[in-house]
Amino acid sequence: MKFFDTHAHIGLIYDDPIEQLRVIQQAKQAGVTRIISINNSLMDFPKVYNNLKSVAGIYHAVGVAPSEVKNPGNDWIQKIESNLDLPNVVAVGETGLDYYKQFGDKRSQIELFITQLEIAQKHNLPVIIHNREAGSDVFDILSERLPDAGAIFHCYSENAAYAKKCLDMNVWFSFAGNLTYRNARNLHETVLNIPVDRILIETESPFMIPAEFREKKRTMPAYLTSTAKFLAEMLEMDLEVLSEQLWKNSCAAFKLPE
C-alpha cells in the first residue's frame, strides 16, 4: 500500500535539514511515499524547498496564509509567482480565511485570499484552502472565484451540510488526525455523506496528532496511516482498496501522474 500526505509543514516539524530528511525517510518506511510540503511563510519557503527539492515524492505549495496577513513581505505577489515556476511546485497555498484568531482585519484577509485565487487561476494550479470559522465568506468567495484547477479544503472542519453545498464545485475535502477523535462528530458525519472519490487525507504535521499517538509531541507524516485506518473502518472499506482510492484522489487533486 502507498499513501499520499496532502499537507505537511515539514519545516515546522524540524528546522534542521538532516532531521527533515529523516522525517521523510520514516514516512516512506510507513508507506507514505508522496507529501505536499506546505511553506510556513514566504521567507521560510526557499530554505525548506532547497533542502527537499531533489527528494523523490516531495511536492510543494507556496502562498501566504491568513496568519501572515499583517506582514506578507515585500513584493509577495511576485515572490509567489516566481516560486510557482520551480520544479515540483504544484499548488498555491495555503491561503484562505481565519476568523478564530482574528489575524488582521477581515477585509485584509479577504483581499489576500482573493489575490491568491487569481494567481492560482493565472497559473492553472489548484489552491489549498485554510478555513477556520469563516465558512460563509470562504464559500461565497469560492462560488465566484474558484480557480479552474480546483481547490482542496485542508484539515476540513465544517459539517456535512457545508460539504454537500460545496460538492457542485471542483473541490476536495482533506481530513487530518483530528478525524480520529471521538468528539469529532461533524467530521465523522461528513465523511459518511460525501463521495469517497472527493476525500483526501493529510497529517497537518506537526499539528493534529491522531488519537493513537496522542502522547507524542508532534505529528509526523508517518502517522498518516493511522488516519487512513480509522477512515477505512468508518467507511467499512478494505484498507488497501481505500488507499488506492485516496492515492488516485490525491493525484487528481494536484494534477500529478498516478
Inset, instruction - Taking the six-membered ring of Tyr14 (Phe, Tyr or Trp), confirm whether the NZ or CZ of Arg218 is under 6.0 Å from its centre and within 45° of its axis. - result: yes
Inset, instruction - Ignoring hydrogens and angles, tell me if any N or O in the side chain of His60 forms a donor-acceptor pair with the backbone of Ile36 under 3.5 Å. - result: no
Legend entry - Main-chain N/O of Ala211 paired with Thr180 side-chain donor or acceptor, under 3.5 Å: yes
Inset, instruction - Establish whether Leu246 and Tyr59 are linked, either directly or via other cluster members, by ILVMFWY side-chain heavy-atom contacts under 4.5 Å. - result: no
Inset, instruction - In plain terms, say whether Glu81 and Lys122 are close enough for a salt bridge, that is, a side-chain N and a carboxylate O under 4.0 Å apart. - result: yes
Legend entry - All ring pair (Phe, Tyr, Trp, His ring centres under 6.0 Å) counterparts of Phe3, not counting sequence neighbours: none
Inset, instruction - Would you give the length of the straight line joining atom CZ of Phe103 to atom NZ of Lys70, rounded to the nearest 0.5 angstrom? - result: 9.5 Å
Inset, instruction - Verify the cluster assignment for Val191 and Met208: are they in a single hydrophobic cluster under the rule of side-chain heavy atoms below 4.5 Å apart? - result: no
Legend entry - Value rounded to 0.5 Å, distance of CG in Asn178 from OH in Tyr181: 6.0 Å
Legend entry - Val89 and Leu86, any side-chain heavy atoms less than 4.5 Å apart: yes
Inset, instruction - Can you label the angle between the His130 ring and the His154 ring as parallel, tilted or perpendicular, going by 30° and 60°? - result: tilted
Inset, instruction - In plain terms, say whether Asp15 and Lys47 are close enough for a salt bridge, that is, a side-chain N and a carboxylate O under 4.0 Å apart. - result: yes
Legend entry - Heavy-atom closest pair, residues Ile201 and Thr6: O-OG1, 3.0 Å
Inset, instruction - Identify whether Leu125 and Ile80 are in the same connected component of the hydrophobic contact network (ILVMFWY, side-chain heavy atoms under 4.5 Å). - result: yes
Inset, instruction - Keeping the roles fixed (side chain from Asp75, backbone from Gln78), state whether a donor-acceptor pair exists under 3.5 Å. - result: no
Legend entry - Least distance between heavy atoms, Asn193 atom then Ala160 atom: CB-CB, 4.3 Å
Inset, instruction - Apply the test side-chain contact (heavy atoms from CB on, under 4.5 Å) to residues Phe113 and Ile110: give CA-CA distance (whole Å), side-chain angles for both, the deciding distance (0.1 Å), then the verdict. - result: CA-CA 5 Å; Phe113 182 28; Ile110 289 171; 5.5 Å; no
Inset, instruction - Of all the heavy-atom pairs spanning Pro195 and Leu167, show the shortest one and how long it is. - result: CD-CD2, 3.8 Å
Legend entry - Residue pairs involving residues 105-114 (criterion side-chain hydrogen bond (donor to acceptor under 3.5 Å, both in side chains); sequence neighbours excluded): Asp105-Ser108, Arg107-Glu111
Legend entry - Student check: side-chain heavy atoms of Phe139 and Met169 closer than 4.5 Å: yes
Inset, instruction - Without swapping roles, check the side chain of Glu202 against the backbone of Ala8 for a donor-acceptor pair under 3.5 Å. - result: no
Inset, instruction - Take Leu52 and Gln20 through the test side-chain contact (heavy atoms from CB on, under 4.5 Å) and record every step on the way to the result. - result: CA-CA 8 Å; Leu52 304 178; Gln20 291 174 5; 4.3 Å; yes
Inset, instruction - Examine Leu84 and Ile128 and state if one hydrophobic cluster contains both, with Ile, Leu, Val, Met, Phe, Trp and Tyr joined whenever side-chain heavy atoms are less than 4.5 Å apart. - result: no
Inset, instruction - Taking the side chain as every heavy atom from C-beta outward, state whether Ile35 and Val32 have any atom pair closer than 4.5 Å. - result: yes
Inset, instruction - May I ask you to decide if Phe153's main-chain N or O and Asn131's side chain share a donor-acceptor pair within less than 3.5 Å? - result: no
Legend entry - Point-to-point distance, once rounded to the nearest 0.5 Å, from SG of Cys155 to NE2 of His7: 8.0 Å
Legend entry - Beyond-backbone contact of Val138 with Tyr162, side-chain heavy atoms, under 4.5 angstrom: yes
Inset, instruction - Might you work through the side-chain contact (heavy atoms from CB on, under 4.5 Å) test for Ser226 and Phe213, ending with a clear yes or no? - result: CA-CA 9 Å; Ser226 181; Phe213 297 100; 3.7 Å; yes
Legend entry - Side-chain heavy atoms of Val127 within contact of Gln116, under 4.5 Å: no
Legend entry - Modelled atom types, side-chain donor and acceptor of Glu68 and Ser41, under 3.5 Å: no
Inset, instruction - Classify the side-chain pair Tyr99/Asp137 by whether it contains a donor and acceptor separated by less than 3.5 Å. - result: yes
Legend entry - Within-4.5 Å side-chain heavy-atom neighbours: Val64 and Thr115: no
Inset, instruction - Kindly compute the distance separating OG1 (Thr95) from CG (Leu97), expressed to the nearest 0.5 Å. - result: 7.5 Å
Inset, instruction - Kindly indicate, with the supporting measurements, whether the criterion side chain to side chain donor-acceptor pair (under 3.5 Å) is fulfilled by Asp148 and Gln121. - result: CA-CA 6 Å; Asp148 292 340; Gln121 175 66 17; 3.0 Å; yes
Legend entry - Close side-chain approach of Leu242 and Leu231, heavy atoms under 4.5 Å: yes
Inset, instruction - Kindly check if the number of other-residue, nucleotide or ligand heavy atoms within 6.0 Å of CG (Asn74) is above 12? - result: no
Inset, instruction - State whether the side chain of His9 and the backbone N or O of Phe207 hold a donor-acceptor pair below 3.5 Å, judged by distance alone. - result: no
Inset, instruction - Give a yes or no on whether Met43 atom CE has more than 12 heavy-atom contacts from other residues, nucleotides or ligands under 6.0 Å away. - result: no
Legend entry - Whether over 12 other heavy atoms sit under 6.0 Å from Arg182 CZ: no
Inset, instruction - Over all heavy atoms of both residues, which pair between Glu158 and Thr190 is shortest? Give the atoms and the distance, please. - result: O-OG1, 3.8 Å
Inset, instruction - Mark yes or no for whether Thr219, through its side chain, and Ser205, through its backbone, hold a donor-acceptor pair below 3.5 Å. - result: no
Legend entry - Crowding at CD, Glu236 (>12 non-hydrogen neighbours, <6.0 Å): no
Inset, instruction - Using modelled atom types only, decide if a donor and an acceptor are shared between the side chain of Asp5 and the backbone of Met220 within a distance under 3.5 Å. - result: no
Legend entry - Close side-chain approach of Gln25 to Arg22, heavy-atom, < 4.5 Å: no
Inset, instruction - Establish whether Ile129 and Leu187 are linked, either directly or via other cluster members, by ILVMFWY side-chain heavy-atom contacts under 4.5 Å. - result: yes
Inset, instruction - Flag yes if more than 12 heavy atoms outside Lys248 fall under 6.0 Å of its NZ atom; otherwise flag no. - result: no
Inset, instruction - Calculate, to the nearest 0.5 Å, the distance between atoms NZ and OG belonging to Lys101 and Ser67 respectively. - result: 8.5 Å
Legend entry - Nearest heavy-atom neighbours spanning Leu146 and Asn170: CD2-N, 3.6 Å
Legend entry - Stepwise side-chain contact (heavy atoms from CB on, under 4.5 Å) check, Leu12 with Ile38: CA-CA 10 Å; Leu12 288 180; Ile38 309 298; over 6 Å; no
Inset, instruction - Check the pair Glu118 / Arg145 against salt bridge (Lys or Arg N to Asp or Glu O under 4.0 Å), numbers first and verdict last. - result: CA-CA 8 Å; Glu118 292 171 347; Arg145 300 174 181 271; 3.4 Å; yes
Inset, instruction - For residues Val171 and Cys166, report the shortest heavy-atom separation together with the two atoms involved. - result: CG2-O, 3.5 Å
Inset, instruction - Over 60° means perpendicular and under 30° means parallel, so classify the ring planes of Phe173 and Tyr156, tilted if in between. - result: perpendicular
Legend entry - Phe4 and Phe254 aromatic ring geometry - parallel, tilted or perpendicular at 30°/60° bounds: parallel
Inset, instruction - Check for a donor-acceptor pair, side chain of Asn39 on one end and backbone N or O of Gly63 on the other, with a separation under 3.5 Å. - result: yes
Legend entry - side chain to side chain contact (heavy atoms under 4.5 Å, CB included) partners for Ala253, two or more places apart: Ile152, Trp172, Leu200
Inset, instruction - Find the distance between CD (Glu189) and CE (Met234) and round it off to the nearest 0.5 Å. - result: 9.5 Å
